[in-house]
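Working notes, structure below.
Start at 1 and go down the list; that is how both ligands and their atoms are numbered.
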Amino acid sequence: MSRGILVINGPNLNLLGQREPALYGNQSLGEINQELERMASASGIGIEFFQSNHEGELVDRIQQARDDFELIIINAGALSHYSISLHDALRAVNIPVIEVHLSNIYTREEFRHKSLISPVAVGGIFGFGALSYRLAFLAACEIIKGREA
Ligand code: DQA
């Protein structure tokens, strides 16, 4: 039985709400996850959450998701820009991936303009703050429903 959607957050996203609020907003990761939880239960879709500041733990969690989840929503934080390991792990598990960023990475420093997650993602949502996660959830529901139909 699939457990639905796995939402993964990478380094420093545990500090949301306190970390550069002008850039990332005032909501904590717990609050963002609660909203997603509410949306998931209203849609009858399972959802689980994982955050880590450690690349290897993220790789482990992605590997374990194989056969368990229908879709991964991921904000890999700074690792998005340079982690070949995360890129490879997402590619290996063969589950549809939606990339999320709170900020618009393309209007920021040049080192944020490249994402190694994008090439293994179905699509991405960035620049809408916490709303990026909720938009990703809506896209995830459509993908899952499309697969069931
Ligand atoms: C981020 C953008 C990354 O460049 C940054 O390192 C983060 C957050 C975002 O959600 O906007 O940690 O992924």
Side-chain angles (χ1 to χ4, degrees), residues 3-43 45-66 68-144:
R3 283 144 73 184
I5 300 170
L6 177 62
V7 182
I8 297 178
N9 279 283
N12 299 308
L13 292 161
N14 54 316
L15 295 182
L16 282 182
Q18 306 158 43
R19 171 193 182 206
E20 300 185 82
L23 200 54
Y24 297 123
N26 294 312
Q27 271 186 295
S28 69
L29 186 59
E31 288 166 344
I32 291 173
N33 289 349
Q34 254 176 25
E35 281 178 352
L36 295 178
E37 186 108 55
R38 253 182 263 129
M39 291 171 84
S41 80
S43 319
I45 289 178
I47 194 160
E48 289 183 34
F49 304 94
F50 183 76
Q51 189 277 329
S52 175
N53 293 327
H54 305 281
E55 187 174 14
E57 285 183 6
L58 293 162
V59 169
D60 285 344
R61 189 66 195 91
I62 292 166
Q63 286 187 10
Q64 288 157 10
R66 182 202 277 274
D68 266 358
F69 289 91
E70 281 174 276
L71 190 140
I72 292 175
I73 293 175
I74 184 166
N75 182 352
L79 290 170
S80 315
H81 311 302
Y82 66 91
S83 174
I84 299 171
S85 312
L86 280 187
H87 169 104
D88 285 348
L90 290 168
R91 178 166 262 188
V93 290
N94 218 11
I95 300 171
V97 173
I98 299 179
E99 179 180 12
V100 165
H101 296 285
L102 296 125
S103 63
N104 182 345
I105 55 175
Y106 299 101
T107 57
R108 299 183 61 196
E109 303 95 322
E110 205 172 326
F111 63 82
R112 297 185 204 272
H113 295 182
K114 186 177 172 71
S115 165
L116 296 190
I117 307 298
S118 299
V120 290
V122 188
I125 297 164
F126 55 87
F128 297 102
L131 175 61
S132 295
Y133 288 92
R134 302 202 296 278
L135 294 172
F137 176 83
L138 294 177
C141 287
E142 292 298 314
I143 291 169
I144 290 170

Inset, instruction - Determine, using heavy atoms of N75 and all atoms of ligand 1, whether some pair is separated by less than 4.0 Å. - result: yes
Legend entry - ligand 1 contacted by R19 (non-hydrogen, < 4.0 Å): yes
Inset, instruction - Please verify whether a non-hydrogen atom of Y24 lies at under 4.0 Å from ligand 1. - result: yes
Inset, instruction - Look up atom CG in L116 and atom OG in S83, then write down how far apart they are to the nearest 0.5 Å. - result: 7.0 Å
Inset, instruction - Report yes or no: does E99 contribute a side-chain atom to a donor-acceptor pair with the main-chain N or O of S118 at less than 3.5 Å? - result: yes
Inset, instruction - Give the intermediate values and the outcome of side-chain hydrogen bond (donor to acceptor under 3.5 Å, both in side chains) for residues Q51 and N53. - result: CA-CA 7 Å; Q51 189 277 329; N53 293 327; 3.0 Å; yes
Inset, instruction - Could you please spell out the steps behind the side-chain hydrogen bond (donor to acceptor under 3.5 Å, both in side chains) verdict for N9 and Y133? - result: CA-CA 11 Å; N9 279 283; Y133 288 92; 2.5 Å; yes
Legend entry - Nearest heavy atoms of I117 and S115, plus distance in Å: N-OG, 3.0 Å
Inset, instruction - Around atom 5 (C) of ligand 1, find the nearest protein heavy atom and jot down its residue, atom name and distance. - result: R112 NH1, 3.3 Å
Legend entry - Main-chain N/O of S28 paired to E31 side chain as donor or acceptor, under 3.5 Å: yes
Legend entry - N/O separation below 3.5 Å, L13 to ligand 1: no
Legend entry - Heavy atom of the protein closest to atom 3 (C) of ligand 1 (residue, atom name, distance): H81 NE2, 3.4 Å
Inset, instruction - Among all protein heavy atoms, pick the one closest to atom 11 (O) of ligand 1 and tell me residue, atom and distance. - result: S103 OG, 2.5 Å
Legend entry - Per-residue contact class, H101 against ligand 1 - non-hydrogen pairs under 4.0 Å: both
Legend entry - Side-chain donor or acceptor of H81 paired with backbone N/O of K114 under 3.5 Å: yes
Legend entry - Contact (N/O only, under 3.5 Å) between L102 and ligand 1: yes
